[in-house]
Amino acid sequence: MSDTPSTDIAEDESASPVALAQNSARKAPAPEVVEIRIGSFGAHGTGDTSGFGGEVRQVVIPGESPRPYGSWFDEVVDYLEEDLRSEDLDPTQVIEKVTTDRGELTIYVDRDYIVNVARHLRDDQDLRFELCMGVSGVHYPGNKGRELHAVYHFFSLTHARQLRIEVTCPDSDPRIPSIVGLYPGNDWHERETFDLMGIIFTGHPGLTRSAMPDDWIGHPQRKDYPLGGIPVEYKGATIPPPDARRNYS
């Protein structure tokens, strides 16, 4: 019997989460530093009494990963690029970068093409990402021109694969096309991301707030949303906003 492991075993081992994470760590380029954040909560000049006001840390985004990505990652990217070419689209214009950080595949997509990409992910028999588990928003104030990120998680029931798609837009034009027409389950998730992060999903059938009152000003989960200034009301009592309370520093 040969001492050399079979191809099947080698492939299984290389596809394990631990192996993928180790492979990503070896090949990962230097991350992109988008901001130096001072303090845990981003508050400035408001009398931070948390004790963490002196914390300094970098806010980073994973850099682009080189090929081969490993496991099934190359296959998915290849099929997607093939589908884009079938529409006479240049994949390099649609796909901004690919990362394999921590053993997970993330494809950054230009916002103008998110509907095209989502359609191919759903309909291509070799991809078959039938389920979109929603979209959430992230705010990077220091990532100039790309401050708002919409993060989609797709899952293939056919192939048992999970994929992340990330789309960015600037604070000055926070618009990303809706994919509710392809994935109706995203309806509420796009509303929530609009409500709390301020990303406008164009083409959504009813883009209204999901948590805050309709007349609420601003989007509370943005990093630059002011701390304090808005009193919280309870039955029989009113709690003053944080910036109007006693300062212990």
Side-chain angles (χ1 to χ4, degrees), residues 31-35 37 41-43 59-64 80 84 89 93-99 101 104-122 129-155 162-227 229-230:
E32 176 188 355
V33 179
V34 297
E35 185 179 355
R37 185 168 296 163
F41 307 103
V59 179
V60 301
I61 297 175
E64 183 171 8
L80 180 57
L84 294 172
L89 295 175
Q93 298 298 316
V94 177
I95 299 175
E96 296 177 342
K97 71 175 179 178
V98 177
T99 70
D101 188 53
E104 298 179 328
L105 177 62
T106 302
I107 302 176
Y108 287 74
V109 172
D110 185 288
R111 61 175 171 172
D112 292 337
Y113 302 101
I114 180 58
V115 175
N116 305 71
V117 169
R119 182 182 297 110
H120 292 310
L121 293 178
R122 185 192 67 175
F129 286 92
E130 304 96 337
L131 177 63
C132 182
M133 295 179 286
V135 60
S136 56
V138 188
H139 188 207
Y140 296 99
N143 195 12
K144 300 304 180 184
R146 301 163 62 87
E147 292 89 352
L148 292 167
H149 291 221
V151 185
Y152 304 79
H153 293 271
F154 293 88
F155 189 79
Q162 183 168 308
L163 167 68
R164 181 188 292 107
I165 298 292
E166 195 154 337
V167 181
T168 69
C169 61
D171 269 339
S172 58
D173 182 22
R175 299 175 184 274
I176 294 175
S178 170
I179 64 169
V180 169
L182 296 169
Y183 293 93
N186 259 33
D187 188 321
W188 188 87
H189 294 276
E190 289 186 4
R191 285 181 56 205
E192 181 185 50
T193 304
F194 158 71
D195 185 9
L196 301 179
M197 299 298 296
I199 297 176
I200 300 170
F201 292 93
T202 57
H204 188 285
L207 196 63
T208 57
R209 289 189 181 271
S210 63
M212 309 304 292
D214 289 338
D215 59 353
W216 192 269
I217 298 175
H219 306 282
Q221 286 194 344
R222 286 198 183 189
K223 293 293 192 303
D224 56 2
Y225 191 78
L227 294 178
I230 302 171

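The shortest non-hydrogen separation linking Leu148 to Pro174 is CD1-CB, 3.7 Å. Here the closest non-hydrogen pair linking Pro177 and Val115 is CB-CG2, 3.9 Å. Residue Asn186 comes nearest to Gly134 through the heavy atom pair OD1-CA, 3.3 Å, listed as atom of the first residue, atom of the second, then distance. When all heavy atoms are compared, the tightest approach of Leu207 to Arg191 is CD1-CA, 4.1 Å. Residue Gly145 comes nearest to Pro170 through the heavy atom pair O-CB, 3.4 Å, listed as atom of the first residue, atom of the second, then distance. Taking all atoms of both residues into account, the shortest heavy-atom contact from Pro141 to Lys223 is CG-CB, 3.6 Å.
A distance-only check finds a donor-acceptor pair linking the side chain of Glu190 to the backbone of Ile179 [under 3.5 Å]. With hydrogens and angles disregarded, a donor-acceptor distance shorter than 3.5 Å links the side chain of Lys97 to the backbone of Pro62. Remark: the backbone N or O of Val135 is paired with a side-chain donor or acceptor of Thr193 at under 3.5 angstrom. Here the side chain of Arg164 pairs no donor or acceptor atom with the backbone of His153 at under 3.5 angstrom. His204 places a side-chain N or O within donor-acceptor distance of the main-chain N or O of Asp187, the cut-off being under 3.5 Å.
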Next item on the list: Check the pair Asp224 / Glu147 against side-chain contact (heavy atoms from CB on, under 4.5 Å), numbers first and verdict last.
Entry: CA-CA 11 Å; Asp224 56 2; Glu147 292 89 352; over 6 Å; no
Item checked: Trace of the side-chain contact (heavy atoms from CB on, under 4.5 Å) decision for Ile176 with Ile200 -> CA-CA 6 Å; Ile176 294 175; Ile200 300 170; over 6 Å; no
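Partners of Arg146 under the salt bridge (charged side-chain N to carboxylate O under 4.0 Å, His left out) rule, at least two apart in sequence or in another chain, are Glu96. Taking Glu192 as the reference, nothing meets the salt bridge (charged side-chain N to carboxylate O under 4.0 Å, His left out) condition, with sequence neighbours excluded. Taking the ring-ring contact (aromatic ring centres under 6.0 Å, His included) definition, one finds that Tyr140 meets it with His149, sequence neighbours left out. Listed by chain and number, the residues in a side chain to side chain donor-acceptor pair (under 3.5 Å) with Glu130 are Thr158 (sequence neighbours excluded). In terms of the salt bridge (charged side-chain N to carboxylate O under 4.0 Å, His left out) criterion, residue partners of Arg111 (sequence neighbours excluded) are, by chain and number, Asp173. Residues forming a side-chain contact (heavy atoms from CB on, under 4.5 Å) with Val60 (at least two apart in sequence, or on another chain): Pro31, Val33, Gln58. Residues that satisfy the side-chain contact (heavy atoms from CB on, under 4.5 Å) test with Pro184, not counting sequence neighbours, are absent from this structure. Partners of Tyr113 by ring-ring contact (aromatic ring centres under 6.0 Å, His included), not counting sequence neighbours: none found. Here Phe129 pairs with nothing under the ring-ring contact (aromatic ring centres under 6.0 Å, His included) rule; sequence neighbours left out. With sequence neighbours excluded, no residue forms a side chain to side chain donor-acceptor pair (under 3.5 Å) with Thr202. Under the ring-ring contact (aromatic ring centres under 6.0 Å, His included) criterion, His189 pairs with no residue, sequence neighbours left out.
Aromatic rings from Phe154 and Tyr183 are positioned such that their centres are separated by under 6.0 Å.
Glu166 places none of its side-chain heavy atoms less than 4.5 Å from the side chain of Val109. Proximity of Asn143 to Glu35: side-chain heavy atoms (C-beta onward) are nowhere separated by under 4.5 Å. Thr106 has its side chain out of reach of Val98: every pair of non-hydrogen atoms, C-beta onward, lies at least 4.5 Å apart. Side chains of Gln162 and Leu105 form no contact here, defined as non-hydrogen atoms less than 4.5 Å apart.
Every pair passing salt bridge (Lys or Arg N to Asp or Glu O under 4.0 Å) that includes a residue from residues 199-222 is listed here, sequence neighbours excluded: Asp171-Arg222, Asp195-Arg209.
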